[in-house]
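Computed from a predicted structure; not experimentally measured.
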Amino acid sequence: MTTKQPTSPPLHFISQRNLEFIPPNFEQIFFGMGCFWGAERLFWQSEGVYSTAVGYSGGTTSHPTYKEVCTGTTNHTEVVKIIFDPTIISLDTLLHSFWQKHDPTEGMRQGNDIGSQYRSAIYTTSKEQLKTAKQTQQQYQAALEKQGIMRAITTEIVPVQTFYFAEEYHQQYLAKNPDGYCGLKGTGVCFI
């Protein structure tokens with residue numbers, strides 16, 4: 001996996017931690033949940049999350065800009081890079097938040113945000129993460145169906161290939177702009 005940082009600041013706006021540094025024995029995972037502003041805020045507030053950053057993954061071009069991603073021609077999705085301490089917050093806990101806080105059945109959209117960049121995605125960094133993500137997908141599909149939601153989960157779950165940092169103004173956007181847009185909305189179904 002390669003990480004590219006053409007425009008990102010070196011420090012997290014809130015924690016002042018280096019956006020690329022991963023402490024020993026910490027893990028990283030990448031979540032696409034629609035617009036990355038609200039998703040990033042959800043996870044930076046979680047105890048055990050060391051750092052977050054927003055960017056683009058799952059696409060076909062190098063070093064995409066926000067403007068290019070929004071055309072739908074690069075096939076990237078907006079993602080949150082989450083670096084976490086698994087002794088404080090488990091992968092299962094992060095995945096439960098992921099499934100419950102957006103609608104993973106909407107295909108290439110989240111609510112009013114339409115396009116491939118808003119698709120649901122989990123990009124993993126280990127075989128164990130991949131296995132756990134797929135297991136929780138099956139569990140959440142069962143939970144949806146139990147509540148009468150028969151739509152299939154469309155979440156893309158694959159190992160991360162490349163992550164490109166989004167432009168500086170997108171990083172921790174809702175901390176810099178507290179009244180900014182957040183379209184994050186779940187199905188209302190709790191994880192079993």
Side-chain angles (χ1 to χ4, degrees), residues 1-59 62-64 69 76-102 104 117 119-140 155-176 182 184 186 191:
M1 194 255 333
T2 56
T3 298
K4 304 296 181 186
Q5 187 179 17
T7 58
S8 179
L11 301 178
H12 194 280
F13 181 75
I14 300 164
S15 69
Q16 295 299 298
R17 292 178 174 145
N18 183 303
L19 292 177
E20 291 192 301
F21 178 70
I22 303 173
N25 303 314
F26 281 38
E27 295 184 36
Q28 67 178 335
I29 194 164
F30 302 82
F31 290 156
M33 303 170 68
C35 177
F36 48 26
W37 294 344
E40 183 182 25
R41 178 175 61 189
L42 171 68
F43 291 105
W44 85 49
Q45 295 175 343
S46 300
E47 184 179 355
V49 170
Y50 177 80
S51 183
T52 58
V54 295
Y56 315 111
S57 283
S62 297
H63 307 288
V69 169
H76 288 87
T77 188
E78 295 184 13
V79 297
V80 178
K81 173 184 173 181
I82 302 165
I83 299 172
F84 65 100
D85 181 347
T87 67
I88 298 174
I89 188 168
S90 69
L91 177 60
D92 278 345
T93 299
L94 291 171
L95 286 164
H96 289 194
S97 291
F98 169 84
W99 294 116
Q100 294 177 140
K101 298 297 183 178
H102 80 299
Q117 73 269 30
R119 71 186 182 272
S120 177
I122 301 171
Y123 299 119
T124 62
T125 58
S126 71
K127 290 180 182 178
E128 186 59 37
Q129 283 185 0
L130 184 64
K131 178 182 174 185
T132 303
K134 289 182 177 183
Q135 287 172 340
T136 59
Q137 177 188 19
Q138 293 171 352
Q139 293 166 349
Y140 198 63
T155 303
E156 176 182 21
I157 304 175
V158 296
V160 68
Q161 297 299 312
T162 306
F163 169 78
Y164 297 99
F165 283 91
E167 294 80 354
E168 185 278 331
Y169 71 93
H170 287 298
Q171 303 299 331
Q172 301 84 55
Y173 182 87
L174 292 178
K176 300 171 191 172
C182 174
L184 206 57
F191 202 90

Quiz item: How many angstroms lie between atom OG of Ser51 and atom CZ of Arg17, to the nearest 0.5 angstrom?
Solution: 7.5 Å
Exercise. Would you please name every residue forming a side-chain hydrogen bond (donor to acceptor under 3.5 Å, both in side chains) with Asp85, sequence neighbours left out?
Key: Thr87
Atom pairs and distances, donor-acceptor, side-chain atoms in residues 42-49, under 3.5 Å, two or more places apart:
| residue | atom | partner | partner atom | Å |
| --- | --- | --- | --- | --- |
| Ser46 | OG | Leu42 | O | 3.3 |

Practice problem: Determine the minimum heavy-atom distance between Ala53 and Gln172, stating which atoms define it. | Solution: CA-NE2, 4.2 Å
Quiz item: Which atom pair, heavy atoms only, marks the closest approach of Leu11 to Gln16?
Solution: CD2-O, 3.3 Å
Quiz prompt | Option passing ring-ring contact (aromatic ring centres under 6.0 Å, His included) with Phe30 (candidates Phe84, Phe163, Tyr123, Phe98) | solution = Phe163
Quiz prompt | Set of side-chain hydrogen bond (donor to acceptor under 3.5 Å, both in side chains) partners for Thr132, sequence neighbours left out | solution = Glu128
Exercise. Hey, could you give me the CD/CD distance between Gln137 and Gln135, rounded to the nearest 0.5 Å?
Key: 11.0 Å
Practice problem: Mind listing the closest non-hydrogen atom pair of Ala39 and Met33 along with its distance? | Solution: CB-SD, 3.9 Å
Quiz item: Which residues pass the side chain to side chain contact (heavy atoms under 4.5 Å, CB included) test with Phe191, sequence neighbours left out?
Solution: His96, Trp99, Gln100, Thr136, Gln139, Tyr140
Quiz prompt | Test side chain to side chain contact (heavy atoms under 4.5 Å, CB included) applied to Tyr173 - qualifying residues, sequence neighbours left out | solution = Trp37, Asn177
Quiz prompt | OG1-CD distance between Thr52 and Gln28, expressed to the nearest 0.5 angstrom | solution = 12.5 Å
Self-check item: Euclidean distance, Ser62 OG relative to Tyr164 OH, rounded to 0.5 Å
Solution: 3.5 Å
Quiz item: Considering all heavy atoms of both residues, which atom of Gly58 and which atom of Arg119 are nearest to each other, and what is their separation?
Solution: O-NH2, 3.2 Å
Practice problem: Please name the pair of heavy atoms, one in Ile122 and one in Ile29, separated by the smallest distance, quoted to 0.1 Å. | Solution: CG2-CD1, 4.0 Å
Quiz item: Would you say Ser57's side chain and Thr162's backbone share a donor-acceptor pair under 3.5 angstrom?
Solution: yes
Quiz prompt | pair His12-Tyr50: side-chain heavy atoms closer than 4.5 Å | solution = no
Exercise. Could you tell me which residues satisfy side-chain hydrogen bond (donor to acceptor under 3.5 Å, both in side chains) with Gln129, sequence neighbours excluded, listed by chain and number?
Key: Glu27, Thr125
Quiz prompt | Straight-line distance of Glu40 CD to Ile14 CD1, nearest 0.5 Å | solution = 7.5 Å
Self-check item: Taking every non-hydrogen atom, the tightest pair across Phe31 and Ile82
Solution: CD1-CD1, 3.4 Å
Quiz item: Going from CD on Gln117 to CD on Glu78, what distance comes out if it is rounded to the nearest 0.5 angstrom?
Solution: 6.0 Å
Quiz item: Donor-acceptor pair, Gln171 side chain versus Val54 backbone, under 3.5 Å?
Solution: yes
Quiz item: Is a side-chain N or O of Lys81 found less than 3.5 angstrom from the main chain of Phe165, in a donor-acceptor match?
Solution: no
